S.K.: 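Below is the structure I would like to discuss, written out as structure tokens.
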Amino acid sequence: MRKQVIAGNWKMNKLMGEATQFVDDVKGQVPSYDQVESVVVAPFPYLPTLVQQAEGTDLKIGAQNMHFEESGAFTGEVSPEMLKDLGVTYVVLGHSERREMFAETDETVNKKTHAAFKHNLVPIVCVGETDEQRENGEAESVVETQVKAALKDLTNEQVKDVIIAYEPIWAIGTGKTATAEDANAMCASIRKVVNEFAGSEPAEAIRIQYGGSVKPANVDELMSQSDIDGALVGGASLQPDSFLSLVEAGKHE
Ligand SMILES: O=C(CO)COP(=O)(O)O
């Protein structure tokens, strides 16, 4: 049985005091890590402090992006080694906002996924189609291309440890959630792609999250679907109470 991963992607929100207050409020209350992986994905400047605050608790800390090189002349970038050195556990890669606004490509996402494994970071790789692509009946093929590109040249053992976040772009921050059935169908289709690509063992093991307007009111139904193994949540992860009810829902199977 796959353990669910509930990750709150704060995006570019909160000041330092609000971030530390949040972690203080939730760190003792999240379910045990054996039941569900609870992750706060915070802006870079807060990572060292939040990692220290969460140390020894069931709450893990993730980053929202990184570069694929280890060091060098890449002004403004943060390396995988730096994240690992801070004690960061997860890293979100290829979020649609980075693909749209910051020139992230399938190729850089693949390089970053390899770099994550090299430094023992758990990659959360985001994929998802636009409204227009869905209307044109291209959603599955677009997502298939993104998944195959992201996983290119990974070993089957590594594929098992990837987390894929299926986030239809039209559902992000819009209040429009995919129906639980549609979200599950795409997650099942992603699992099929992984099966063809890497075989049945990795396909059974890989965790596939849904993201896009997940909130306490819809999380139970989404998390009870057979092929959805967690959630990547933006807006509804910003308040402690809401975050805690989301991670509680991850305990369901
Ligand atoms: O992009 C998302 C998480 O990465 C989803 O954001 P919302 O939950 O705010 O729709």
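Start at 1 and go down the list; that is how both ligands and their atoms are numbered. Predicted model only: the values in this text are computed from it and were never measured.
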S.K.: For the residue pair L232 and C126, establish whether any side-chain heavy-atom pair is separated by less than 4.5 Å.
M.R.: yes
S.K.: Do other residues, nucleotides or ligands put more than 12 heavy atoms under 6.0 Å from E77 CD?
M.R.: yes
S.K.: If the threshold is 4.0 Å, N to carboxylate O, is there a salt bridge linking K84 and E81?
M.R.: no
S.K.: Would you tell me whether H119 and E70 have side-chain atoms, one donor and one acceptor, within less than 3.5 Å of each other?
M.R.: yes
S.K.: Can you name the residues that come within less than 4.0 Å of ligand 1, going by heavy atoms only?
M.R.: N9, K11, H95, E167, A171, I172, G173, G212, S213, L232, V233, G234, G235
S.K.: List the atom pairs, with distances to 0.1 Å, where a side-chain N or O of residues 86-95 and a protein N or O form a donor-acceptor pair under 3.5 Å, not counting sequence neighbours.
M.R.:
| from | atom 1 | to | atom 2 | distance (Å) |
| --- | --- | --- | --- | --- |
| Y90 | OH | Y33 | OH | 3.0 |
| Y90 | OH | E37 | OE1 | 2.5 |
| H95 | ND1 | E97 | N | 3.0 |
| H95 | NE2 | E167 | OE1 | 3.1 |

S.K.: Hydrophobic clusters here meaning ILVMFWY residues chained together by side-chain heavy-atom distances under 4.5 Å, can you tell me if V147 and I124 are in one?
M.R.: no
